[in-house]
Asker: 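Please read through the structure below; I'll follow up with questions.
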Amino acid sequence: MELIYVLDILGTFAFAISGALVAADKKFDLFGVVIIAFVTAVGGGMLRDIMIDAHPINWIGDLNYLYTILIAVVLTFLFKSKILPLSKTMFLFDTIGLGVFTLLGLQKGLSYNLHPIVALIMGMISAVFGGVLRDVLTNKVPLIFEKEVYASACLAGGISYLILKYFNIPENIIFIVSACVIVIIRVVAVKYHLQLPKIKDDVFGKPE
Amino acid sequence: MELIYVLDILGTFAFAISGALVAADKKFDLFGVVIIAFVTAVGGGMLRDIMIDAHPINWIGDLNYLYTILIAVVLTFLFKSKILPLSKTMFLFDTIGLGVFTLLGLQKGLSYNLHPIVALIMGMISAVFGGVLRDVLTNKVPLIFEKEVYASACLAGGISYLILKYFNIPENIIFIVSACVIVIIRVVAVKYHLQLPKIKDDVFGKPE
Amino acid sequence: MELIYVLDILGTFAFAISGALVAADKKFDLFGVVIIAFVTAVGGGMLRDIMIDAHPINWIGDLNYLYTILIAVVLTFLFKSKILPLSKTMFLFDTIGLGVFTLLGLQKGLSYNLHPIVALIMGMISAVFGGVLRDVLTNKVPLIFEKEVYASACLAGGISYLILKYFNIPENIIFIVSACVIVIIRVVAVKYHLQLPKIKDDVFGKPE
């Protein structure tokens, strides 16, 4: 589906920018910025492909990902101070990337005959692991573990995909509906500062 | 062998709890806790399988690992304040996991016709790498590099396995004896605070 | 080519020593030192082989790498205080390793029919990723992202290799010339403190 490919590239672009900005903040040199942008954009899909033995892995099989990342880094390099004011646009692209990456990963998992639960995990890994690698390589505790409902949005969208698929609804509709589930949950969560519960006080124990 | 499978699941359970407790301490949200528990429990075996090209990799090939990890997280979530007093039990499970993971990894390596030294390394990676990943993802220096004789216990158990196998002793006996070697070394080491030497002062140099 | 194999082993040795020294500085125990030396020396080639599905991966297919690493660790352990004064020799070996690893990785990529750009990236990953893993495992921001022109030297050498190959110049000559490019760039860069630009102030924006 052409539209999904365009969204995939747009998501790659947004993820690469997000990586490049983090690396630039850390005062990495140009090469470091390229690496972090690269890892953020394709790291999740790469881990998925290595786990399920899908070769050639994502960025090796389609050079457009590499070109997209390089363009993202060049733009970050040239226009850094102008990208930040665009952060709403970037947030939108990033959220689109989240949705598309999750569903493409899930589809790929299913096409490799994985159990739906495993395919769902593959979708989530595709979407969130690039950001985890970005944070590990910049020596930070991965953001996703602390404050984002990021992963829950992917999970909800993936489950919605699997349920709709079970009822034999056409693939395109499933994809779009589930992507919207992811986008909406994330947008609402960010807007209203929703968070997942933490294991501070356990249910039957006393507050610490 | 049924018993070994049960011990494998018990070890997975203990490793998942250990991951979940570390993640809870870091105030990760529920999703972060699941990821860290997952990585701690299956990360070592996953790396082994990817290195030796054994597909489907551990947790993809047998969903019971996933279910075990989820149960461990739920129990941690509900009973966190009661798990800590159980730490002797957890230490026992964890040590059993260490032994079983080492020997299963070693066996798998041999079954893939790897050189015994490489198979031995695969056993050790299976046992310790989950903990290394847990520490990297929670932004700590991996514990194992600093204070545990953890790895030495695995090494000794693995070597014992290879030696006994050389003498054609039945597989079950080898497995149990070698697992006991690992468990005993670890328990004794923890009890008497034994440590491996460090490269502070070299043998022929002066103290710094 | 025999000479290249010798240089490859020499590079492995130098990378292992560099890892062992970092681990010793962090006061890791013997096991931790072995792991870090191992990861530094073979981590880049291992990631390359996993990405391109080349099995058996580097250190599994040739035990000489393991033996070289163990010798390097033993020597570090015995002579730590004497290795530091040798740092010019170590710098030379390390730089040779950089050149050889880059070009061997690039050659391997081409032999797997990868696009030249992807093969070039494989060469760079082979050369630099061991150091990145070393830094991640010792909980530091990878050195390469901040101050080294390390990666640029690999890139230049790799491009030189691809250009010379395009003109059908004999393989041995290409290899030696391109390795010299890498060695010279790195030596000159270290001597004159050259650095890549950073994204502090962007080209069209104001200084922050």
Side-chain angles (χ1 to χ4, degrees), chain B residues 46-55 57 109 112-122 124-125 127-129 131-156 189 194-208, chain C residues 17 19-39 42-43 45-47 49-67 69-70 73-85 133-141:
Chain B
M46 179 159 72
L47 181 63
R48 174 200 63 214
D49 287 346
I50 288 173
M51 280 180 168
I52 66 177
D53 205 22
H55 292 279
I57 59 172
Y112 274 72
N113 294 317
L114 300 180
H115 187 285
I117 293 180
V118 176
L120 184 60
I121 295 175
M122 288 304 160
M124 296 177 67
I125 288 173
V128 310
F129 205 79
V132 171
L133 279 179
R134 174 198 63 210
D135 294 339
V136 166
L137 287 177
T138 53
N139 202 20
K140 300 196 300 187
V141 168
L143 200 60
I144 197 169
F145 298 156
E146 291 179 305
K147 9 182 176 168
E148 300 230 30
V149 276
Y150 217 83
S152 326
C154 300
L155 182 64
L194 302 182
Q195 284 195 15
L196 286 184
K198 295 182 183 181
I199 316 190
K200 258 188 214 158
D201 318 322
D202 63 56
V203 179
F204 303 106
K206 286 177 201 147
E208 281 153 76
Chain C
I17 297 258
L21 288 174
V22 170
D25 260 9
K26 282 262 177 176
K27 311 223 178 298
F28 287 179
D29 69 20
L30 180 55
F31 175 75
V33 174
V34 172
I35 293 269
I36 301 295
F38 176 78
V39 158
V42 302
M46 179 159 73
L47 181 64
D49 287 346
I50 288 173
M51 281 179 168
I52 66 178
D53 204 23
H55 293 280
I57 60 173
N58 58 349
W59 64 272
I60 294 182
D62 179 356
L63 285 178
N64 287 337
Y65 294 115
L66 277 185
Y67 300 144
I69 293 163
L70 288 178
V73 169
V74 170
L75 291 177
T76 309
F77 211 81
L78 294 179
F79 302 108
K80 189 191 161 201
S81 64
K82 296 204 176 49
I83 288 176
L84 295 176
L133 280 179
R134 174 199 62 208
D135 294 340
V136 166
L137 287 178
T138 52
N139 203 21
K140 301 196 300 187
V141 169

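Keep in mind that this is a model prediction, so the values were computed, not measured. We name chains A, B, ... by the order of the sequence lines, and we start the count at 1 in each one.
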Asker: Which heavy atom of M124(B) sits nearest to which heavy atom of C154(B), and what is that distance?
Answerer: CG-CB, 4.1 Å
Asker: L155(B) versus chain C, heavy atoms under 4.5 Å apart: side chain, backbone, both or neither?
Answerer: neither
Asker: Are any of the side-chain heavy atoms of F38(C) and L70(C) separated by less than 4.5 Å?
Answerer: no
Asker: Under 4.5 Å heavy-atom distance to chain C, tell me which part of L114(B) shows up: side chain, backbone, both or neither.
Answerer: side chain
Asker: So I60(C) and M122(B), do their side chains get closer than 4.5 Å, heavy atoms only?
Answerer: yes
Asker: Heavy-atom cut-off 4.5 Å, strictly under: side chain, backbone, both or neither for D53(C) against chain B?
Answerer: side chain
Asker: Determine the option with the most heavy-atom pairs under 4.5 angstrom with chain B, choosing from N139(C), I57(C), I36(C).
Answerer: N139(C)
Asker: With a 4.5 Å cut-off on heavy-atom pairs, point out which of V34(C), L137(C), D49(C) contacts chain B the most.
Answerer: L137(C)
Asker: Indicate yes or no: at least one non-hydrogen side-chain atom of V118(B) is less than 4.5 angstrom from one of W59(C).
Answerer: yes
Asker: Answer yes or no: is there a side-chain heavy-atom contact under 4.5 Å between V132(B) and F129(B)?
Answerer: yes
Asker: Side chain from CB out, backbone as N, CA, C, O: work out which of these in I50(C) comes under 4.5 Å of a heavy atom of chain B, or both, or neither.
Answerer: side chain
